[in-house]
S.K.: 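Pasting in a structure now, in structure tokens, and then I'll have a few things to ask.
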Amino acid sequence: MDPRVQQFMAMIKAKNPGENEFHQAVQEVSESLIPFIEENPKYKHAKILERIAEPERTLIFRVPWLDDKGEVQINRGFRIEMNSAIGPYKGGLRFHPTVNLGILKFLAFEQVFKNSLTTLPMGGGKGGSDFDPKGKSDNEVMRFCQSFMTELFRHIGADTDVPAGDIGVGGREIGFLFGQYKRLKNEFTGVLTGKGIEWGGSLIRPEATGYGNTYFAQEMLATRGQNFEGKTVCISGSGNVAQYATEKVTQLGGKVVTSSDSNGFIYDPKGIDAEKLKYIMDLKNIRRGRIKEYAEKFGVEYFESKRPWVIKCDIAMPCATQNEINEEEAKLLVKNGCTCVSEGSNMPSIPEAVIVFLNAKILYGPGKAANAGGVATSGLEMTQNSMRLPWSSEEVDQRLHSIMKNIHSTCVKYGTKDDGFINYVDGANIGGFVKVANAMIAQGVV
Ligand code: NDP
Ligand code: 2IT
């Protein structure tokens, strides 16, 4: 490791003990940025990297609620307000039993660069809770969301901090959170994104992360004269991002052969077509069942406690969670002929897996670039809320598409190496950094 990175990381680890995912995210970014900063000393003198790795504000709070049996439950709530140099804090809320400070700090840190790449005026933040929505009734989820917002509302606002969804937080949860915010503040504002279409939401926001990821992959493929037509695609996850990535890939002529959840994956060699995807959406969004039921319904193979990366494919799109591709799986993907990895989830590839992809010189689009379509469309929702005018789905989709193309161009600008290889990791990290860093310098030592 570069000794300057080593020294920087020693400081980060000492200041943030035990926050492994945060260390991982900061290290990946500093490996791209430290050499760049050496060439651009103004960033060094202003200690931008040191400042960017320290949240502007960290909120941790108690979330008490009553379950259906009348028993008191206590969860922990968080909001990390990471950076507001280029706009209000912006980023999702994650409800999952694994949520802790280190995971949310990694997500908030990534969000700063991602939001900058979108070209829209959004700072970075992330929040959530160790609450597990699985197995809870709608009423329990509502009471939890109301209690969570009863503390969070005093810290957020349409011009301050604008949360949205992430794992375990979709349309249902955003509805309950928005209702409580409105009641507490007596104000109808665009304080959350991912809202329902009848009450201030944007068309295409539910689709945006999966569609955007597919558009980004399309741009990467085009640099090698390729496209999705006839390609076999492995997708992990079966939630919001996975569902709409599956839809768009299929529309573009690709064949998606896997879908997964935290219990295992299904392999459908004929491809998950529109009809079968409808089944997955109903299974996951309405009935809240397990992906195993797909195998029973359509008579395909189910692999318990396994991930899809053992299946031969041309393109892999991880869309579940962090650290879901390890080094062996990365090697297997490359060995099996995979030439493009486009990350719908945040930090799905462990550092050793990223090295495998970069050494093999395949098309590798890191999450902060490839999955930025979700937050970009949240930015468009904020614009529509400010204008009090909704746009058509065609207009939003067109804007999303052009934002993804711009992000790709930024990665090419900052990531192209002497031999012509595009290192999208460097491209996204440096491309996302420059705007935030310049804004921080302009705003003084704050
Ligand atoms: P959902 O909650 O809708 O779906 C998550 C999916 O991933 C589910 O299939 C879930 O399975 C699976 N999953 C979650 N945790 C794990 C785990 N620890 N191990 C294995 N599988 C797991 O979330 P989203 O689709 O919204 O988010 C997926 C990823 O995309 C996350 O990394 C998120 O940060 C990222 N992302 C989301 C955006 C958005 O707009 N929603 C925007 C940009 C990135 P199970 O049901 O069994 O838990
Ligand atoms: O990781 C992400 O970019 C998101 N979960 C979406 C954030 C947002 O504010 O739309």
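As the structure lists them, so they are numbered: ligands from 1, and atoms in each ligand from 1.
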S.K.: Contact between Gly165 and ligand 2, counting heavy atoms under 4.0 Å?
M.R.: yes

S.K.: Applying a 4.0 Å heavy-atom criterion (strictly less than), which segment of Arg205 is in contact with ligand 1: side chain, backbone, both, or neither?
M.R.: side chain

S.K.: One residue to check: Arg290. Relative to ligand 1, which of side chain, backbone, both or neither has a non-hydrogen atom less than 4.0 Å away?
M.R.: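 The side chain, only.
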
S.K.: Which value, rounded to the nearest 0.5 Å, describes the distance between Ile235 atom CD1 and Tyr244 atom OH?
M.R.: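 Rounded to the nearest 0.5 Å, the CD1-OH separation comes out at 13.5 Å.
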
S.K.: Against the six-membered ring of Phe298, is Lys276 placed for a cation-pi contact (under 6.0 Å from the centre, within 45° of the normal)?
M.R.: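 Yes, Lys276 sits over the ring of Phe298.
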
S.K.: Report, in ascending order of atom number, the atoms of ligand 2 lying under 4.0 Å from any heavy atom of Ala164.
M.R.: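 Ligand 2 atoms under the 4.0 Å threshold to Ala164: 8 (C), 9 (O), 10 (O).
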
S.K.: Which bit of Ser236 gets closer than 4.0 Å to ligand 1, counting heavy atoms only: side chain, backbone, both or neither?
M.R.: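 Neither; no heavy atom under 4.0 Å.
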
S.K.: Examine Gln322 against ligand 1 and note whether any of their N/O atoms are separated by less than 3.5 Å.
M.R.: no

S.K.: Using heavy-atom distances, let me know which of Thr377, Thr209, Thr98, Val241 sits nearest atom 24 (P) of ligand 1.
M.R.: Val241

S.K.: Out of Ala320, Gly344, Gly374, who gets a non-hydrogen atom closest to atom 31 (C) of ligand 1?
M.R.: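 That would be Ala320.
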
S.K.: Examine the proximity of ligand 2 to Arg205 and report which part, side chain or backbone, both or neither, has a heavy atom under 4.0 Å away.
M.R.: side chain

S.K.: Compute the minimum heavy-atom distance from Lys126 to ligand 2 and say whether it is under 4.0 Å.
M.R.: yes

S.K.: Quick one: does atom 10 (C) of ligand 1 have a protein heavy atom under 4.0 Å from it?
M.R.: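 Under 4.0 Å from atom 10 (C) of ligand 1, zero protein heavy atoms found.
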
S.K.: Consider every N or O of Asn263 and every N or O of ligand 1, then say whether any pair is closer than 3.5 Å.
M.R.: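 Such a contact does not occur with ligand 1.
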
S.K.: Hey, does Asp261 come in under 3.5 Å of ligand 1, counting only N/O atoms on both sides?
M.R.: no

S.K.: List ligand 1 atoms under 4.0 Å from Lys134, heavy atoms only on the residue side.
M.R.: 45 (P), 46 (O), 47 (O), 48 (O)

S.K.: At a 4.0 Å threshold, what atoms of ligand 1 neighbour a non-hydrogen atom of His96?
M.R.: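 This gives 15 (N) as the contact atoms.
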
S.K.: Can you find a non-hydrogen atom of Gly170 under 4.0 Å from ligand 1?
M.R.: no

S.K.: Within the 4.0 Å heavy-atom shell around Lys114, which atoms of ligand 2 are there?
M.R.: 1 (O), 2 (C), 3 (O)

S.K.: Do any heavy atoms of Arg307 fall under 4.0 Å from ligand 1?
M.R.: no

S.K.: Return yes when atom CD of Glu304 has more than 12 non-hydrogen atoms of other residues, nucleotides or ligands closer than 6.0 Å, and no otherwise.
M.R.: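 Yes, CD of Glu304 has more than 12 neighbouring heavy atoms, counting only those of other groups under 6.0 Å.
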
S.K.: Which pairs count as ring-ring contact (aromatic ring centres under 6.0 Å, His included) when at least one residue sits in residues 377-402, sequence neighbours excluded?
M.R.: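 As it turns out, the ring-ring contact (aromatic ring centres under 6.0 Å, His included) pairs with a partner in residues 377-402, which skip direct neighbours, are Tyr215-His401.
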
S.K.: Kindly identify the option in Pro348, Ser262, Cys319, Gly289 whose heavy atom sits closest to atom 20 (C) of ligand 1.
M.R.: Ser262

S.K.: Please work out whether any backbone atom (N, CA, C, O) or any side-chain heavy atom from C-beta onward of Leu107 is under 4.0 Å from ligand 2, and answer side chain, backbone, both or neither.
M.R.: neither

S.K.: Kindly confirm or rule out an N or O of Gly168 lying under 3.5 angstrom from an N or O of ligand 1.
M.R.: yes

S.K.: With heavy atoms of Lys90 as the reference, note each atom of ligand 2 found under 4.0 Å away.
M.R.: 8 (C), 9 (O)

S.K.: Give a yes-or-no answer on whether the side chains of Glu247 and Tyr211 include a donor-acceptor pair shorter than 3.5 Å.
M.R.: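 Per modelled atom types, Glu247 and Tyr211 side chains form a pair under 3.5 Å.
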
S.K.: Could you tell me which atoms of ligand 2, counted from 1 in the order shown, lie closer than 4.0 angstrom to a heavy atom of Ser378?
M.R.: 8 (C), 9 (O), 10 (O)

